[in-house]
Amino acid sequence: MKIAAIDIGSNAARLLINEVKINNKKPEFIKLNLLRIPLRLGMDVFTVGKIGPEREKMVIDSMKIFSDLMKIYKVDHYRACATSAMRDAANGNEIIRQVQEASGINIEIISGDEEATLIYENHVAEGLDKEFAYLYIDVGGGSTELTFYENGKMVYERSFNIGTIRLLNNLVTLDNWKEMKEEIKKNIVSKKPIVAIGSGGNINKVFSMSKTKDGKPMSLSHLKKAHKEFSELSVEERMTKYSLREDRADVLVHALSIFNNVMAWSDINKIFVPKISVADGLIQNIYSQLQHKK
């Protein structure tokens, strides 16, 4: 069986195609393709309230490509979800209608809480040491999703309108940060030591640049050091020195600001980066729904 997930975020759109094979009665998810297109919808939406004509065309053209790829791979089931930028766009529903007509892809706009719940679909908590509590931090262009696990169960989830594209455009207020801090201080509490699990393209990039071994955590002190190093360079200097794309180089500092604040307010000093995403959660969600229908 082949399953595809489309995640249309504020910074980029991703198409993930997996093949599911049953191995010893357990599903094995094999990645066949992952395509990322930097649509940057948040640059329009968070500043003028809607998606402009140029990016509107990019969305439609991208979905046509995604549709063709799914046909080539003979995908059996798919789900396409749009998050923060499309939620806030005045013309979001109109663009969804045009995408349906042009590509046949049906896009769902999901809430921040639904986005956080999709993280839970990754079943990250099942393989974790019960001696610890875990805070899942998913940083996107338009929002940050926090999901807190204790004793293998999700006990808190919340989406905040603090994201890298919003920060890039100076659209996050001190009140936004204050609300996040207060929520964390009130809800991310455990008698067990708390460890962070990070997701999103930015933390994945920082992890790979850190040369930390897979399965090993990065420290908060490393993230603070990386933030300082990147902050002292211009976008062009970051691109040259670290071989970064422009759409990564301009938001990396903002992503690190979010991770550093969340971890400091939660009294967390290390973060694991298992390289899982909303798209991975969507794949798991589709498979789970299909199993329930049997």
Side-chain angles (χ1 to χ4, degrees), residues 1-9 11-39 58-83 86 96 99-100 102-110 114-128 136 138-140 145 147 149 152 154 197-205 207-208 213-215 245 248 272-294:
M1 180 197 303
K2 291 175 183 173
I3 299 175
I6 296 171
D7 169 26
I8 303 166
N11 199 27
R14 293 172 183 81
L15 167 67
L16 173 63
I17 301 175
N18 276 13
E19 183 168 14
V20 186
K21 291 189 174 180
I22 304 302
N23 193 354
N24 293 326
K25 296 186 178 179
K26 287 188 175 180
E28 182 183 358
F29 295 86
I30 302 158
K31 186 185 293 183
L32 300 180
N33 203 337
L34 174 63
L35 177 60
R36 175 187 183 276
I37 299 178
L39 297 177
M58 286 172 67
V59 172
I60 294 165
D61 289 345
S62 299
M63 293 307 113
K64 286 179 184 175
I65 292 167
F66 286 3
S67 178
D68 287 343
L69 274 170
M70 289 195 292
K71 287 171 189 168
I72 290 165
Y73 277 94
K74 295 182 169 61
V75 166
D76 300 294
H77 306 278
Y78 83 94
R79 190 176 172 199
C81 292
T83 56
M86 200 73 88
I96 285 171
V99 165
Q100 171 79 49
S103 69
I105 289 174
N106 179 39
I107 298 171
E108 307 166 49
I109 297 178
I110 61 171
E114 285 177 273
E115 194 175 347
T117 301
L118 281 170
I119 303 308
Y120 191 69
E121 296 282 357
N122 283 298
H123 304 292
V124 178
E126 291 175 6
L128 299 178
Y136 195 112
D138 182 53
V139 174
E145 276 63 50
T147 317
Y149 303 102
M154 182 175 68
I197 301 169
S199 79
N202 291 295
I203 197 69
N204 287 345
K205 176 56 72 175
F207 182 82
S208 63
K213 289 183 179 178
D214 283 346
R245 299 187 311 268
R248 181 69 67 210
F272 288 90
V273 186
K275 295 184 181 176
I276 50 180
S277 65
V278 170
D280 292 288
L282 275 170
I283 295 279
Q284 297 281 349
N285 174 263
I286 294 164
Y287 182 77
S288 176
Q289 294 294 325
L290 289 168
Q291 296 309 108
H292 286 148
K293 287 178 182 177
K294 283 186 176 181

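Note: hydrogens, waters and symmetry copies are ignored here, and every other heavy atom, side chains too, is used. Remember, predicted model here, so these are calculated numbers, not experimental data.
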**Student:** Strictly distance-based, threshold 3.5 Å: is any side-chain N or O of Ser288 a donor or acceptor partner for the main-chain N or O of Gln284?
**Tutor:** no
**Student:** With a 4.5 Å limit on heavy-atom distance, are the side chains of Arg14 and Val278 in contact?
**Tutor:** no
**Student:** With a 4.5 Å cut-off on side-chain heavy atoms, are Lys205 and Asn202 touching?
**Tutor:** no
**Student:** Are Tyr78 and Phe66 an aromatic pair by the rule of ring centers under 6.0 Å?
**Tutor:** no
**Student:** Provide the closest heavy-atom pair for Ala102 versus Ile60 in the form atom of the first, atom of the second, distance.
**Tutor:** CB-CG2, 3.7 Å
**Student:** Any heavy-atom pair between the side chains of Leu118 and Asp7 that's under 4.5 Å?
**Tutor:** no
**Student:** How close do Pro274 and Gly198 get, counting heavy atoms only, and between which atoms?
**Tutor:** CD-O, 3.7 Å
**Student:** So, does Ser103 use its side chain to make a donor-acceptor pair with the main chain of Ser67 at under 3.5 Å?
**Tutor:** no
**Student:** Taking atom OH of Tyr136 and atom CZ of Phe272, what is their separation to the nearest 0.5 Å?
**Tutor:** 14.0 Å
**Student:** Find the distance between CG (Leu35) and CD1 (Ile6) and round it off to the nearest 0.5 Å.
**Tutor:** 10.0 Å
**Student:** Please walk me through it: do Asp280 and Ser277 pass side chain to side chain donor-acceptor pair (under 3.5 Å)?
**Tutor:** CA-CA 5 Å; Asp280 292 288; Ser277 65; 2.9 Å; yes
**Student:** Of all the heavy-atom pairs spanning Val99 and Ile105, show the shortest one and how long it is.
**Tutor:** CG1-O, 3.7 Å
**Student:** Check whether any side-chain heavy atom of Ile3 sits under 4.5 Å from a side-chain heavy atom of Asp76, and report yes or no.
**Tutor:** no
**Student:** Do Asn11 and Arg36 make a side-chain contact, defined as non-hydrogen atoms from C-beta onward lying under 4.5 Å apart?
**Tutor:** yes
**Student:** Can you give me the closest heavy-atom contact between Lys31 and Asn18, atom names plus distance?
**Tutor:** CA-OD1, 3.3 Å
**Student:** On a heavy-atom basis, which atom in Ile22 and which in Pro27 lie closest, and how many Å separate them?
**Tutor:** CD1-CA, 3.9 Å
**Student:** Any side-chain heavy-atom pair from Tyr73 and Glu19 closer than 4.5 angstrom?
**Tutor:** no
**Student:** Got a second to check how far Lys74's NZ is from Lys2's NZ, nearest 0.5 Å?
**Tutor:** 7.0 Å
**Student:** Taking the side chain as every heavy atom from C-beta outward, state whether Val139 and Ile203 have any pair of such atoms under 4.5 Å apart.
**Tutor:** no
**Student:** Would you mind reporting whether Leu15 and Asn33 have side-chain heavy atoms less than 4.5 Å apart?
**Tutor:** no
**Student:** So, taking the atom named OG1 in Thr83 and the one named CD in Glu145, what distance separates them when rounded to the nearest 0.5 Å?
**Tutor:** 7.5 Å
**Student:** Of all the heavy-atom pairs spanning Ile17 and Ala4, show the shortest one and how long it is.
**Tutor:** CG1-CB, 4.1 Å
**Student:** Using 0.5 Å steps for rounding, measure from the CE atom of Met63 to the CG atom of Asn106.
**Tutor:** 12.5 Å
**Student:** Glu108: what forms a salt bridge (Lys or Arg N to Asp or Glu O under 4.0 Å) with it, not counting sequence neighbours?
**Tutor:** Arg79
